[in-house]
Amino acid sequence: MGDVGGTQVVVAGAGPAGLATALLLARGGVPCQVLEAAGSPGEAAGPHSGGPRAGQPYVYSGFFRRRLMERLPDVYADLLDQGAQTFDTDGAPEEPSPYGDLAGREGKAVQGDRLSLTCSGTVVTAALARALAAEPLARVRHGDRVRGLRTEGDRITGVRLTGETVEASTVVDALGRSSPLAPDFTVTVDEVDCGVTHSTRLYRTDPADGPSAIAGRMIKFQGEAFSARVLPQGPDTFAVTFRYLAGDQVLERLTTPEGFSRALRFLPGIGDRLATAVPAGAIISGIDPPLLLRCLDDQAPVGYLPVGDALCAVDVESGSGAALALEGATCVARALTAPVDGAPDASFGAFANGLLRHTYERSARRSIVRTRLWEAAVTAMEPVARSGPNARLPTRAAMASALLL
Ligand SMILES: Cc1cc2nc3c(=O)[nH]c(=O)nc-3n(C[C@H](O)[C@H](O)[C@H](O)COP(=O)(O)OP(=O)(O)OC[C@H]3O[C@@H](n4cnc5c(N)ncnc54)[C@H](O)[C@@H]3O)c2cc1C
């Protein structure tokens, strides 16, 4: 397995990036072996230790949806069968990007790109895994933790697992942000911890109440020191996610059912809707991981190809993480299925220095500004600021009294 024309390809990690790479490789005629630490497909699929929890609602940009339809149409169809919902983005103008925009605007709008996709984070990984299972040229091994690479000179000769080394000459590092390979073979260009926490809860409405007011669209709210979004997750299910600063002593009440229910009353138009909705499952809270941008070290061995979060992790709310993973997977697979003089990195380099870097920088800039604004809002709640000549009662104060009473 994983041996074509003298090249043995190992894809390390079975998250979205690894699965998409393996699928595109296998369909392009390149055998590959996928090594995944989790014991089963159900346990895998982790963007961070432990993986996305079942109820975590994901947004996939219109760009991701279009690329998936073009490159893996069967996976896209499977997603819709599994209940993934499309919704219209608000169409707000974006800064133009010289490299094309992950929201798909690319100077001129691409037909259909405003239609984004939403479903639980595990649904996309499961659909990719199902498609890969049917590919004879790909083999997935679960329960194999990658420890490092075996190299000779500037060449890769194998992948080290516990007590075993798998022969390999090309290794796609799709091990996510905590990849044990990346520290040795990449340089960290930038890392930003915005200190943001999220709390999410799923709600179910009774179909007898008629079509949901939020079906087919995402509703976003900007509060002072917090944001909230309401996302359809199925015909009668929607998810509400609050984001706020970690350590915010007022808003951390959102981790409790009572605090969450009280805060919902402050979302215009949603409070009424919730009169007929019932919570489905517990509140999922967690810290958003830092943003991270890496580049290949000059000393990296030939054939080491990082993709997905191992290379670049953007703000989780941007809806671009999976899109960058799919784009990287496509570049790697294209290069390995049609190498030019044995050099598989031309289109990948263009992607990494263009779209990927631009998307990261924009995401980092927005996240930093958001955190600064939220910190300022929290500071404005201090007694001195409140009693000054420009004192006003911010929305946050209303949130505070509702949550702390
Ligand atoms: C809370 C949260 C919400 C998010 N929301 C969105 C969203 O709405 N939209 C979006 O596009 N993106 C979102 N993201 C980001 C998205 O999840 C990532 O960009 C995407 O999962 C990256 O895919 P990946 O395959 O590179 O890495 P991962 O998903 O991290 O997959 C890595 C895989 O490698 C395996 N692995 C790790 N170490 C080893 C090892 N040593 N040996 C073998 N296997 C190993 C892991 O088990 C895992 O299966 C979110 C992330 C988080 C944390």
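Throughout, numbering of the chain's residues begins at 1 and tracks the sequence. Order of appearance sets the numbers: ligands from 1, and atoms from 1 within every ligand.
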Trainee: Would you mind finding which of Pro57, Ala20, Ala17, Pro289 brings a heavy atom closest to atom 25 (O) of ligand 1?
Mentor: Ala17

Trainee: Output the list of atoms in ligand 1 that are nearer than 4.0 Å to some heavy atom of Gly308, sorted by atom number.
Mentor: 26 (O)

Trainee: Identify, by atom number and element, the atoms of ligand 1 in contact range of Gly13, meaning under 4.0 Å from any of its heavy atoms.
Mentor: 34 (O)

Trainee: Could you tell me whether the side chains of Ser169 and Arg155 share a donor-acceptor contact shorter than 3.5 Å?
Mentor: no

Trainee: Please report whether ligand 1 has a polar contact with Arg177, defined as an N or O pair separated by less than 3.5 Å (distance criterion only).
Mentor: no

Trainee: Just wondering, are more than 12 heavy atoms of other shown residues or ligands nearer than 6.0 Å to CZ in Arg150?
Mentor: yes

Trainee: Less than 3.5 Å between some nitrogen or oxygen of Tyr60 and one of ligand 1, yes or no?
Mentor: no

Trainee: As a check for students: among Ile287, Val316, Leu117, Leu324, identify the option with a heavy atom nearest to atom 6 (C) of ligand 1.
Mentor: Val316

Trainee: Salt bridge check, Glu70 against Arg65: does any charged N sit closer than 4.0 Å to a carboxylate O?
Mentor: no

Trainee: Using distance alone, with no hydrogens and no angle criterion, decide if Tyr304 and Thr170 have a side-chain donor and acceptor under 3.5 Å apart.
Mentor: no

Trainee: Given side chains that start at C-beta, do those of Asp193 and Glu191 come closer than 4.5 Å, heavy atoms only?
Mentor: no

Trainee: Charged N to carboxylate O under 4.0 angstrom, Glu258 versus Arg262?
Mentor: yes

Trainee: I'd like to check Leu245 versus Thr197 (side-chain heavy atoms, cut-off strictly below 4.5 Å). Are they in contact?
Mentor: no

Trainee: Under a 4.0 angstrom heavy-atom cut-off, which atoms of ligand 1 come close to Ala174?
Mentor: 32 (C), 33 (C), 34 (O)

Trainee: Pairs of nitrogen or oxygen atoms closer than 3.5 Å, one from Pro16 and one from ligand 1: do any exist?
Mentor: yes

Trainee: Could you tell me whether Arg141 and Glu36 make a salt bridge, using a distance below 4.0 angstrom between a side-chain N and a carboxylate O?
Mentor: no

Trainee: Among Pro180, Gly176, Ser61, Ala12, which one puts a heavy atom closest to atom 27 (O) of ligand 1?
Mentor: Gly176

Trainee: Does ligand 1 have any atom sitting under 4.0 Å from a heavy atom of Gly319?
Mentor: yes

Trainee: Output yes when Arg370 and Glu317 qualify as a salt bridge under the 4.0 Å nitrogen-oxygen rule, no when they do not.
Mentor: yes

Trainee: Does a donor on one side chain and an acceptor on the other come within less than 3.5 Å for Asp315 and Ser367?
Mentor: yes

Trainee: So between Val124, Leu175, Asp309, whose heavy atom ends up nearest atom 39 (C) of ligand 1?
Mentor: Leu175

Trainee: So for His198, does at least one of its heavy atoms come nearer than 4.0 angstrom to any atom of ligand 1?
Mentor: yes

Trainee: Ignoring angles and geometry beyond distance, decide whether Ala37 reaches within less than 3.5 Å of ligand 1 through its nitrogen or oxygen atoms.
Mentor: yes

Trainee: Pick, from Ala323, Ala325, Ala322, the option with the minimum heavy-atom distance to atom 11 (O) of ligand 1.
Mentor: Ala322

Trainee: Taking CD in Gln299 as the centre, count heavy atoms belonging to other residues, nucleotides or ligands within less than 6.0 Å. Is the count above 12?
Mentor: no

Trainee: Is Glu36 in polar range of ligand 1, meaning some N or O pair under 3.5 Å apart?
Mentor: yes

Trainee: Judged by non-hydrogen atoms, does Asp144 sit under 4.0 Å from ligand 1?
Mentor: yes

Trainee: Using a strict cut-off of 4.0 Å, indicate which atoms of ligand 1 neighbour a heavy atom of Arg145.
Mentor: 40 (C), 41 (N), 42 (N)

Trainee: Is there a heavy atom of Gly121 sitting under 4.0 angstrom from any atom of ligand 1?
Mentor: no

